[in-house]
Amino acid sequence: MNNDKLKENFEEFLYKKFRELATKTFFDESFYSLKAGGKRLRPLLVLNTSLKDKLTDDVLYFASAVELIHTYSLIHDDLPCMDDDELRRGKPTSHKVFGEEKAIFAGINLLNTAFKMISRIEIKDIKNRLKEELVSAAGIHGMVGGQLLDLFGVEEELNTFDEIEAIHLNKTAKMIMVAVAGAAILKGLTSNEIRDAKESGIKLGLCFQIVDDILDETGQEKEIGKPIKSDIKNNKKTAVSVLGLNKAKEKAKKYIKEAKESLPTNLKTTDLNELIDFVLERTH
């Protein structure tokens with residue numbers, strides 16, 4: 001099944017289950033950002049990594065949970081107290097449409113619904129493992145902690161790539177890692193294979209963020225769907241500002257190579273390989 005068809009099937013499931021499980025309070029505000037679309041990279045990683053002959057509901061519920069948490073993070077990332085952006089996925093950001101207070105609660109609604117999705121997974125041991133992995137990747141030792149580092153990094157005037165990479169690791173890479181690792185868990189791989197899947201996901205996530213930094217410098221706003229030069233506006237240091245454009249590109253290529261090398265043999269497919277290549281080659 002190609003990625004376009006996978007995305008179509010996933011979104012049909014996502015929207016149906018979100019209507020069933022999300023609270024009706026702030027539903028429209030939440031659904032606005034969810035329906036805006038995007039690359040759906042994280043759920044596609046889940047689906048491609050765990051795909052056998054067909055998609056199970058357990059796989060789709062986990063992929064949905066990952067995407068809901070990602071969308072919530074974008075709403076909050078765009079808030080005036082964070083990056084103060086006005087455009088996301090080619091549309092006005094949530095707080096520009098509904099106001100800051102409703103945007104905050106829209107994000108919370110998405111986060112809460114993500115764990116309702118996880119609760120629908122049938123096999124208890126797998127459900128509990130996925131919940132632990134997702135909480136770790138999305139929480140203070142992952143995405144939320146990375147956002148804190150990102151905010152306060154402006155004040156601390158970060159100057160080295162290692163300092164910037166620590167932000168990338170938590171804010172971006174761990175949620176991409178959990179997509180790959182979670183799918184490996186759903187597929188019943190060994191602990192060593194899951195460890196390797198995590199390593200591959202981390203490298204892929206680090207590449208993703210470097211490419212984001214590159215596109216912030218060189219991309220087209222219409223194609224990217226959000227403002228360019230936003231890091232400059234917010235006085236943020238990036239892989240490009242510290243390494244330079246050419247070295248940042250070299251670093252991104254290195255991470256993609258390592259992501260492929262770390263990937264367990266049981267997960268290597270043509271479709272997944274193409275999705276990994278997309279992370280490096282994308283223009284949006």
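In this chain, numbering begins with 1 at the start of the sequence shown. Keep in mind that this is a model prediction, so the values were computed, not measured.
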message = So, taking the atom named CZ in Arg42 and the one named CD1 in Ile176, what distance separates them when rounded to the nearest 0.5 Å?
response = 4.5 Å

Would a 4.5 Å heavy-atom cut-off, applied to side chains only, mark [X] and [Y] as touching?
| X | Y | result |
| --- | --- | --- |
| Leu272 | Leu263 | yes |
| Ser119 | Tyr61 | no |
| Ser241 | Thr238 | yes |
| Asn2 | Asp271 | no |
| Thr269 | Asn273 | no |
| Lys198 | Glu133 | yes |
| Leu134 | Met175 | yes |
| Val97 | Thr93 | no |

So with a 6.0 Å cut-off around [atom1] of [X], is the heavy-atom count from everything else above 12?
| X | atom1 | value |
| --- | --- | --- |
| Ile123 | CD1 | no |
| Glu122 | CD | no |
| Lys268 | NZ | yes |
| Glu261 | CD | yes |
| Lys102 | NZ | no |
| Lys24 | NZ | yes |

Report yes or no: does [X] contribute a side-chain atom to a donor-acceptor pair with the main-chain N or O of [Y] at less than 3.5 Å?
| X | Y | value |
| --- | --- | --- |
| Asp78 | Asp84 | no |
| Lys91 | Tyr32 | no |
| Ser200 | Asp196 | no |

Chi angles and distances behind the side chain to side chain contact (heavy atoms under 4.5 Å, CB included) call for Phe208, Asp212 = CA-CA 6 Å; Phe208 183 92; Asp212 249 20; 4.0 Å; yes

key: Test: Lys96 and Asp85 ion pair at under 4.0 Å   = no

ask   = So does Glu8 pair up with Lys5, basic N to acidic O under 4.0 Å?
value = yes

message = Ring-plane angle category for Tyr72 and His76, please: parallel below 30°, perpendicular beyond 60°, tilted otherwise.
response = perpendicular

query = Is it true that the side chains of Glu163 and Thr160 contain a donor and an acceptor less than 3.5 Å apart?
reply = yes

query = Is it true that Phe18 and Leu44 fall in one hydrophobic cluster, defined by side-chain heavy atoms closer than 4.5 Å?
reply = yes

Name of the residue among Thr49, Thr56, Leu130 meeting side chain to side chain contact (heavy atoms under 4.5 Å, CB included) with Leu186 = Leu130

Would you mind writing out the side-chain donor-acceptor pairs for residues 103-118 within the sub-3.5 Å range, not counting sequence neighbours?
| residue | atom | partner | partner atom | Å |
| --- | --- | --- | --- | --- |
| Asn109 | ND2 | Ser30 | OG | 3.0 |
| Thr113 | OG1 | Asn109 | O | 2.7 |
| Lys116 | NZ | Leu21 | O | 2.9 |

